[in-house]
Structures are given as C-alpha cells and as structure tokens.
Amino acid sequence: MKDCNITFIGCGNMSRSLIGGLINDGVKKEHLLATDPDAKQRLDITTQFGGTTLESNEEAIDNADIIVLAVKPQVMQQVVSGLAITLKNSSRMLISIAAGVRLASFTKWLDTPIAVVRVMPNTPALIQSGAAALFANEHTSDIQKNNTETVMRSVGTITWLDSEDLMDTVTALSGSGPAYFFYFMESMEKSARAMGLSNEQASLLTIETALGAAKMASLSNSDLSELRKQVTSPGGTTEQAIIKFQQGNLEQLVHEAMNAAKQKAIELSQRFGD
C-alpha cells in the first residue's frame with residue numbers, strides 16, 4: 001500500500017484529512033497527488049503537506065493506482081466522464097466519498113468495468129475520529145478492498161456493508177449524525193445558561209459530558225441501554241429527565257428524523273444517477 005500512487009480529485013477538507021492521515025501512517029508524500037480547478041485549494045494542500053498538485057484531472061491520474069473522488073455529487077458525472085478515455089479497461093481503483101452517487105452510475109458514465117468502492121465518511125474524519133461505511137462493486141479485488149481500508153482507517157474506523165442500499169441508512173446515521181449530537185448539545189447548553197450557568201461553564205460542561213459519555217460507550221462492554229440505566233437511579237434526578245424525554249416520545253422523533261434523512265439520501269441518489 002505504501003508504494004501505491006494515490007490521486008485525490010478535489011482538494012477540499014476531506015482530501016486534506018485523508019492526505020494528512022496517510023502521511024501520519026507513513027505514506028510518502030511523493031506517492032500522493034491532488035488536483036483541483038481552484039488554485040487556492042491547490043495552494044492550501046502544498047502549503048500544508050508539500051508534494052504536488054495539478055489542475056488537470058487527466059494528467060493527475062496518469063500514474064495513479066488509486067483515485068479518490070472527493071468532489072460534490074452534482075459535478076461527479078462531469079468529472080468521471082472526463083476520465084473515461086484514460087480509464088478504459090483500466091486496472092485502477094476508484095474510491096468515491098460523494099454522498100448519493102451509486103456504483104452503477106460509475107459503470108454507466110465510464111462505459112467500462114472498473115473497481116469502485118463507495119465510502120460514506122463523516123466530518124469527525126477531519127480530526128482523525130471518523131466513522132465510515134464501505135461497499136465495493138464486483139470488480140474490486142480483495143487487495144483493493146484492503147487498500148481502501150488502509151486509506152480510510154487513516155482518519156478513523158470503518159465497517160463494510162452487505163448491501164449498497166444500506167448506504168442511505170448510514171448517511172442518515174453517521175453521515176448526518178454529528179449534527180444531531182451538536183443540536184442536542186446546543187439545546188443542553190442553552191438550557192444550562194437559562195438556569196444560571198455562564199456561557200463558558202455551560203459550554204465546557206456540555207462538551208466534556210458528551211465526550212466522556214462517548215468514551216465510556218466506546219470502552220464499555222455494556223450496550224447503550226445498560227449504560228443509561230447505570231446512570232439512572234430510581235427516584236433520582238436523571239430519572240426525571242428521562243421520563244420527560246419519554247413523555248415527549250423522543251425515541252419516535254429520532255426515528256422519524258433519521259428516516260427523513262434516509263429518504264432524502266434516496267432522492268439524491270436518484271437525482272445524481274441520472
């Protein structure tokens with residue numbers, strides 16, 4: 001893997017995160033190349049990591065073993081179609097981190113069988129704490145799957161899916177999930193301020209409580225329900241809060257919110273695949 005040449009098409013935050021993670025894992029910057037039409041984006045990459053950036057996608061993939069497609073879903077067809085001639089009957093692998101673009105679309109746009117792994121990362125990857133789900137097409141070898149794992153593990157944890165359809169659920173869970181936690185934390189912080197804590201105190205205690213709870217869940221052998229029960233003493237303060245959540249049907253509201261996100265993901269998949 002360390003001798004593979006990897007080209008990143010798109011120099012945005014996720015590419016910068018992956019490049020930084022791979023370099024930290026020992027991949028030499030000489031094996032990493034990035035391309036972007038925006039000169040400032042290219043400059044940001046070279047300033048932060050050194051190495052080479054190019055404006056031309058076709059030139060950038062000339063010697064690439066792995067091509068990471070880190071562009072917005074709405075421009076993916078244009079970008080991929082522009083690579084069709086170069087990738088004709090190619091043994092290279094594509095890794096797509098664009099939400100909503102299904103594997104069948106790549107085959108259609110390229111008009112050739114090629115290894116493609118679809119990845120749904122999330123924003124904590126920017127601090128090497130991401131959670132990503134992966135699904136590969138039938139042209140992807142075990143070695144290529146292992147290489148994809150190496151790329152994505154450089155910024156967090158990964159899990160392989162049994163069906164591409166589950167990507168829409170993953171989008172609603174871990175893809176959008178950080179915003180759900182931020183929203184809940186924001187509500188807790190506002191409530192704490194309304195009850196007398198200073199802005200600094202409310203922010204500190206909210207963030208550290210969330211961080212500690214997540215770390216406990218990660219390190220514990222107990223499931224989330226059991227961990228909740230361990231904190232919820234009968235007749236205590238926590239129980240009163242949980243009762244209010246249950247009276248407001250929080251569990252059903254969360255389910256409806258995640259299902260709405262999933263349906264939107266399905267809609268986007270249909271749109272971007274046209």
Side-chain angles (χ1 to χ4, degrees), residues 1-38 41-72 75-76 79-80 82-99 101 103 106 109-110 112-122 125-128 130 132-137 139-158 160:
M1 171 64 194
K2 291 185 178 179
D3 293 327
C4 286
N5 293 319
I6 307 174
T7 291
F8 293 84
I9 296 183
C11 290
N13 288 334
M14 196 59 71
S15 286
R16 285 199 291 272
S17 173
L18 288 167
I19 290 170
L22 288 167
I23 291 174
N24 288 339
D25 283 352
V27 176
K28 295 180 180 178
K29 64 183 179 182
E30 290 78 13
H31 290 294
L32 305 174
L33 191 152
T35 175
D36 199 286
D38 188 324
Q41 293 276 58
R42 297 196 303 273
L43 179 61
D44 288 344
I45 291 282
T46 55
T47 300
Q48 186 173 359
F49 303 110
T52 305
T53 61
L54 296 171
E55 184 175 359
S56 166
N57 292 341
E58 291 84 351
E59 184 180 354
I61 69 170
D62 198 38
N63 294 312
D65 301 298
I66 300 171
I67 301 163
V68 180
L69 299 167
V71 299
K72 295 182 188 237
V75 300
M76 183 65 81
V79 169
V80 172
L83 305 176
I85 295 177
T86 306
L87 294 178
K88 193 73 174 177
N89 299 318
S90 174
S91 61
R92 300 168 196 178
M93 176 178 67
L94 303 179
I95 298 176
S96 169
I97 61 175
V101 183
L103 294 175
F106 293 98
W109 296 336
L110 291 169
T112 192
I114 190 169
V116 187
V117 179
R118 186 177 168 194
V119 178
M120 171 49 63
N122 62 5
L126 302 178
I127 56 168
Q128 283 71 56
L134 291 67
F135 186 80
N137 68 5
H139 307 297
T140 308
S141 69
D142 288 340
I143 291 176
Q144 290 171 323
K145 290 179 182 178
N146 289 336
N147 286 341
T148 304
E149 286 192 18
T150 299
V151 171
M152 298 311 303
R153 285 191 194 279
S154 73
V155 294
T157 60
I158 66 101
W160 286 96

Next item on the list: Determine, step by step, whether Asn147 and Ile143 satisfy the side-chain contact (heavy atoms from CB on, under 4.5 Å) criterion, reporting the C-alpha distance in whole Å, the side-chain angles of both residues, the deciding distance to 0.1 Å, and the verdict.
Entry: CA-CA 6 Å; Asn147 286 341; Ile143 291 176; 3.9 Å; yes

Checklist line | Value rounded to 0.5 Å, distance of OG1 in Thr53 from CG in Leu43 | finding: 8.0 Å

Next item on the list: From the options Ile95, Val151, Ile158, select the one residue that forms a side-chain contact (heavy atoms from CB on, under 4.5 Å) with Leu134.
Entry: Ile158

Item checked: Heavy-atom pair of closest approach, residues Ala115 and Gln144 -> CB-OE1, 3.3 Å

Next item on the list: Please report the C-alpha distance between Arg118 and Phe106 in whole Å, then the side-chain angles of each, then the deciding distance to 0.1 Å, and finally whether the side-chain contact (heavy atoms from CB on, under 4.5 Å) criterion is met.
Entry: CA-CA 10 Å; Arg118 186 177 168 194; Phe106 293 98; 5.9 Å; no

Check: Between the main-chain N or O of Asn63 and the side-chain N or O of Asn5, is there a donor-acceptor pair closer than 3.5 Å?
Finding: yes

Check: Taking all non-hydrogen atoms of both residues, which atom of Met76 and which atom of Trp109 are closest, and how far apart?
Finding: CG-CZ3, 3.7 Å

Check: For Lys88, what residues pass the salt bridge (charged side-chain N to carboxylate O under 4.0 Å, His left out) criterion, not counting sequence neighbours?
Finding: Asp111

Check: How far does CD1 of Ile9 sit from CG of Leu69, to the nearest 0.5 angstrom?
Finding: 5.5 Å

Margin query: Donor-acceptor pair, distance only, cut-off 3.5 Å: does the side chain of Thr140 make one with the backbone of Lys145?
Written below: no

Note to self: Looking at Cys11, is its backbone amide N or carbonyl O close enough to the side chain of Asp36 to form a donor-acceptor pair, meaning the two atoms are under 3.5 Å apart?
What the structure shows: yes

Note to self: Does anything in residues 41-52 form a salt bridge (charged side-chain N to carboxylate O under 4.0 Å, His left out)? List the pairs, not counting sequence neighbours.
What the structure shows: Lys40-Asp44

Next item on the list: Please name all residues satisfying side-chain hydrogen bond (donor to acceptor under 3.5 Å, both in side chains) with Ser96, sequence neighbours left out, ordered by chain then number.
Entry: none

Note to self: Checking Ser91 now: which residues fulfil side-chain hydrogen bond (donor to acceptor under 3.5 Å, both in side chains) with it, not counting sequence neighbours?
What the structure shows: none

Margin query: Going by the rule side-chain hydrogen bond (donor to acceptor under 3.5 Å, both in side chains), which residues pair with Ser17 if we only count those two or more places apart in sequence or in a different chain?
Written below: none

Notebook entry, point to check: In chain order, what residues pass the side-chain contact (heavy atoms from CB on, under 4.5 Å) check against Gln48, with sequence neighbours excluded?
Noted result: Arg16

Next item on the list: Compare every heavy atom of Gly130 with every heavy atom of Asn122, then report the nearest pair and how far apart it is.
Entry: OD1-CA, 3.3 Å

Notebook entry, point to check: Hey, does Trp160 have a side-chain heavy atom less than 4.5 Å from the side chain of Val117?
Noted result: yes

Notebook entry, point to check: Within a strict 4.5 Å, meaning less than it, do heavy atoms of the His31 and Asp3 side chains meet?
Noted result: yes

Notebook entry, point to check: Between OG1 of Thr52 and CG of Leu33, what distance do you get to the nearest 0.5 Å?
Noted result: 5.5 Å

Item checked: Minimum-distance pair of heavy atoms, taken over all atoms of Ile19 and Ala34 -> CD1-CB, 4.4 Å

Next item on the list: Return the set of residues passing side-chain contact (heavy atoms from CB on, under 4.5 Å) with Leu87 (not counting sequence neighbours), or none when no residue passes.
Entry: Ile61, Ile67, Leu83, Ser90, Arg92, Leu94, Leu110, Ile114

Next item on the list: Apply side-chain contact (heavy atoms from CB on, under 4.5 Å) to Ser154 and list each qualifying residue two or more places apart in sequence or on a separate chain.
Entry: Leu18, Leu22, Asp25

Notebook entry, point to check: So, Asp65 side chain and Cys4 main chain: donor-acceptor pair closer than 3.5 Å or not?
Noted result: no

Next item on the list: Considering non-hydrogen atoms only, spot the tightest contact between Ala132 and Met152 and give its length.
Entry: CB-CE, 4.2 Å

Next item on the list: For residues Glu55 and Thr35, report the shortest heavy-atom separation together with the two atoms involved.
Entry: O-OG1, 3.3 Å

Notebook entry, point to check: Taking only residues two or more places apart in sequence, or in another chain, which ones meet Ser56 in a side-chain contact (heavy atoms from CB on, under 4.5 Å)?
Noted result: Glu58, Glu59

